[in-house]
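One structure below.
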2 protein chains.
Amino acid sequence: MKIADKHQKILQASIKVFARNGFFNSRISEIAKEANVADGTIYLYFNNKYDILIAIFEEEIGKIIARIKQELAEIKNPAEKLERFALLHLQLVEENRDLAEVIQVEIRQSTKFMKDYRNRKFAEYLNIISQIVRQGQEEKIFRADILPGIFKRAYFGALDEMSRFWVLSGKKKYSVSTAAKEISAFFLQGIRVQGPDTSHSSMTVET
Amino acid sequence: MKIADKHQKILQASIKVFARNGFFNSRISEIAKEANVADGTIYLYFNNKYDILIAIFEEEIGKIIARIKQELAEIKNPAEKLERFALLHLQLVEENRDLAEVIQVEIRQSTKFMKDYRNRKFAEYLNIISQIVRQGQEEKIFRADILPGIFKRAYFGALDEMSRFWVLSGKKKYSVSTAAKEISAFFLQGIRVQGPDTSHSSMTVET
DNA sequence: TCTCAAAATGAATGGCAATTCATTCAATGA
DNA sequence: TCATTGAATGAATTGCCATTCATTTTGAGA
């Protein structure tokens, strides 16, 4: 087995164990067992327990950002982009439950310790959203008075809370695509009666 | 000093210390010091460290729910209610930074352990939102196809993420009321151009 | 002032688990 | 087959800290 493989094996085992017990309640010995490796071996690949947590974040989030950016590049319309972002975010959570749980719960826990580092990666993720908003504003599709800095957090927060519920409760009342469509619609159209899509309905006389 | 006072004193000290270090990195001895009390005294008022965390949640969230419900009772219009909810939520976070941090980060951390209990209190909080939505739907102010179960999470999530940013970064680029108005507007009106309040604009021919 | 029960104290205990490191294993090539 | 070296092992070490409890302090009533 190559070195990279063992590194990966320990990382995957850690994601599983951290998701199961939480970081502080996880034992190195349990990770070792899960990875079929001796306790000491872990220290050949990572400096300490905390280092594993950082590695999870660093290595896994990078992949996700890359994938989302790539998929969004194929779409032109900003409204569509936002909807697709929601779908991708929720799909990725569903496909990687354990990772999602670690990122949501554990990394958040230690945010204050890894502030600098974490912020950079996380900010990059959030900025995908604000970039879309700005593009929409330039194209006059989104209102000019929207503050992208608030929007990105609100949008991310809405998706994040939805997926947190799934991750923690283990059950989904609504499908991923239903939730994604619904949430993006809240933001795009609002929830008030009568105003769903005026860019088209404005062509219709409603007297 | 009355017994209730000391209980309270220890609780307040714990909120401070947990917010500062995180639950797992907080020492009973540090809480004791912060509360001007001996280590052992804490065990006269709480069964163990974890018990303190639960008490914080139980006792403090109850107050908050009561206060919000009371303030909302004075408002009739559902749209206004939603906006006020956002403002209250963010104000409460601002007024109780340490508590907010503990609830956001630490309690979330241990959600899986206190699932049953926590869910009941937390669900009650979320349901304030879905109740408003249902009221709005009955009054034909909100679209009938909105799913309140998704909306409540999305709305809460948006506010929560905004306040998490404040709590962790320690600085606010936008004022509380700006953020509250902006976020409630996203959900009420959407972000698209032309559709802010079509209940009026639909009377206008825009061809 | 004295008594006594309740409250408070904080040093000592005990258990736990991250990390270390002396030892063993495995693979390579001579 | 043997020697060498890097990888892997897991038992032992070490330090930490929640919790306990024997002792002291406090304060209310007599």
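Just so you know, these numbers come straight off a predicted model, no measurement behind them. Order of the sequence lines fixes the chain letters, A, B, ..., with proteins taken first and strands second; residue numbering starts at 1 for each chain.
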Requested in this report: Just say parallel, tilted or perpendicular for the rings of F156(A) and H89(A), cut-offs at 30° and 60°.
Outcome: perpendicular

Query - Nucleotide nearest A38(A) when distance is taken to its side chain, options dT9(C), dG10(D), dA8(C) - result: dG10(D)

Query - Protein-nucleotide distance (K6(B), atom NZ; dA6(C), atom C1'), rounded to Å - result: 12 Å

Query raised in the report: Do Q91(A) and E95(A) meet the criterion of a side-chain donor-acceptor pair at a distance under 3.5 Å?
Result: no

Query raised in the report: How close or far is atom C1' of dA18(C) from atom CG of L53(A), stated in whole angstroms?
Result: 15 Å

Query raised in the report: Between dA18(C) atom P and F46(A) atom CZ, what is the distance in whole Å?
Result: 15 Å

Query raised in the report: Rounded to the nearest Å, what distance is computed from the NZ atom of residue K33(B) to the P atom of nucleotide dG10(C)?
Result: 13 Å

Report task. Can you tell me the distance, in whole Å, between the OH atom of Y45(A) and the C1' atom of dA7(D)? Result -> 7 Å

Query raised in the report: When the distance from CG of L44(A) to C1' of dT20(C) is rounded to whole Å, what number comes out?
Result: 11 Å

Could you pull out the protein-nucleic contacts involving nucleotides 13-19 of chain D (nitrogen or oxygen on both sides, under 3.5 Å)?
{"from": "dC17(D)", "atom 1": "OP1", "to": "R27(B)", "atom 2": "NE", "distance (Å)": "2.9"}
{"from": "dC17(D)", "atom 1": "OP1", "to": "R27(B)", "atom 2": "NH2", "distance (Å)": "3.2"}
{"from": "dC17(D)", "atom 1": "O5'", "to": "R27(B)", "atom 2": "NE", "distance (Å)": "3.4"}
{"from": "dA18(D)", "atom 1": "OP1", "to": "S26(B)", "atom 2": "O", "distance (Å)": "3.4"}
{"from": "dA18(D)", "atom 1": "OP1", "to": "R27(B)", "atom 2": "NH1", "distance (Å)": "2.8"}
{"from": "dA18(D)", "atom 1": "OP1", "to": "K49(B)", "atom 2": "NZ", "distance (Å)": "3.4"}
{"from": "dA18(D)", "atom 1": "OP2", "to": "I28(B)", "atom 2": "N", "distance (Å)": "2.8"}
{"from": "dT19(D)", "atom 1": "OP2", "to": "Y43(B)", "atom 2": "OH", "distance (Å)": "2.7"}
{"from": "dT19(D)", "atom 1": "OP2", "to": "K49(B)", "atom 2": "N", "distance (Å)": "3.0"}

Requested in this report: With the side chain counted from C-beta on, respond yes when N25(B) and F24(A) share a heavy-atom pair under 4.5 Å apart, and no when they do not.
Outcome: yes

Query raised in the report: I31(A) has an atom CD1; how far is it from atom P of dT19(C), in whole Å?
Result: 11 Å

**Report entry** E30(A) bridged to R20(A) by N-O distance under 4.0 Å
**Finding:** yes

Report task. Identify whether the distance between the nearest side-chain nitrogen and carboxylate oxygen of R164(A) and E161(A) falls below 4.0 Å. Result -> yes

Report summary line: From NZ of K9(B) across to C1' of dA8(C) the rounded distance in Å is 11 Å

Query raised in the report: Could E124(B) and K69(B) be called an ion pair, given the rule that one side-chain N must be under 4.0 Å from one carboxylate O?
Result: yes

